[in-house]
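Report on the following structure.
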Amino acid sequence: MRARCFPAVWGFWLLACMPGSFGIWVEPPPPPAPELPLPARFEGDPPPRLEPTRFPGLAAAASVDPTLYYYEPFERWYRYAFNRWYEAFAWDGHWFPPERVPGPLEDGPPTQPP
C-alpha cells in the first residue's frame, strides 16, 4: 500500500513546486480617472433672458454667457467650457459633466445663421 501512495504524493509535490501552479494572480486596480476642471457658478440677479434658437426646445442665454443654453426637453442648462459641455439643473447651479448631450449641442455650440 505504501508503495502505491508514494508516486501519487511525489506527483502532487512536483506539481505544487512548479512555477505558476496554484498561484494567485491579482490585477492591479485601474488608475483613477483624471479630475475634470469644472466651470465656476454664474452669479447674479435676475435670471438670464432666454432667446430662441433655430433648434426646437433650445434657448440661448447670451446675456450671461455666449455658450450658455437651456434645453427644455431635458429641463437642463448646458454650458460649453474647457472644450467640452457641462450640465446644471439651474443656470446659477453647480456644473457637472453630462451623461448625454442634446442633439443640437453634440457638435459644439450652435452658431446662429446671419
Side-chain angles (χ1 to χ4, degrees):
M1 178 73 165
R2 187 180 284 175
R4 288 187 208 165
C5 293
F6 182 72
V9 172
W10 181 253
F12 283 124
W13 182 79
L14 283 176
L15 187 62
C17 292
M18 292 177 59
S21 63
F22 300 111
I24 297 175
W25 177 260
V26 178
E27 292 245 355
E35 291 288 325
L36 292 175
L38 297 176
R41 295 174 59 182
F42 290 120
E43 294 181 9
D45 203 29
R49 188 183 76 224
L50 295 176
E51 301 168 8
T53 65
R54 60 188 165 117
F55 301 102
L58 183 67
S63 62
V64 174
D65 187 275
T67 62
L68 178 63
Y69 298 92
Y70 179 72
Y71 192 60
E72 190 173 353
F74 292 176
E75 297 181 357
R76 301 283 195 280
W77 290 84
Y78 292 89
R79 175 184 188 185
Y80 196 75
F82 306 115
N83 295 321
R84 60 171 295 137
W85 285 106
Y86 290 88
E87 180 179 41
F89 295 106
W91 72 275
D92 57 353
H94 294 282
W95 296 97
F96 54 92
E99 290 183 19
R100 60 183 175 171
V101 176
L105 301 177
E106 285 178 347
D107 295 328
T111 56
Q112 293 292 352

Which residues share a ring-ring contact (aromatic ring centres under 6.0 Å, His included) with Phe74, sequence neighbours left out: Tyr71

Closest non-hydrogen atom pair between Thr67 and Pro109, with its separation: CG2-CG, 4.1 Å

Student check: side-chain heavy atoms of Arg84 and Pro97 closer than 4.5 Å: yes

Thr53 to Ala60 - nearest heavy-atom pair and separation: CG2-N, 3.8 Å

Any residue meeting salt bridge (Lys or Arg N to Asp or Glu O under 4.0 Å) with Arg79, in chain and number order, not counting sequence neighbours: none

Listed pairs under 3.5 Å, donor-acceptor, residues 100-108 side chains, sequence neighbours left out:
none

Heavy-atom closest pair, residues Glu99 and Glu87: N-OE1, 4.2 Å

Side-chain (Arg76) to main-chain (Phe89) donor-acceptor, under 3.5 angstrom: no

Remaining members of hydrophobic cluster (4.5 Å side-chain criterion), Tyr70: Leu36, Leu38, Phe42, Leu50, Val64, Leu68, Trp77, Phe82, Tyr86, Trp91, Trp95

With Tyr80 via ring-ring contact (aromatic ring centres under 6.0 Å, His included) - residues at least two apart: Trp85

Salt bridge (Lys or Arg N to Asp or Glu O under 4.0 Å) partners for Arg49, two or more places apart: Glu51

Considering all heavy atoms, the nearest Gly57-Pro73 contact: O-CD, 3.7 Å

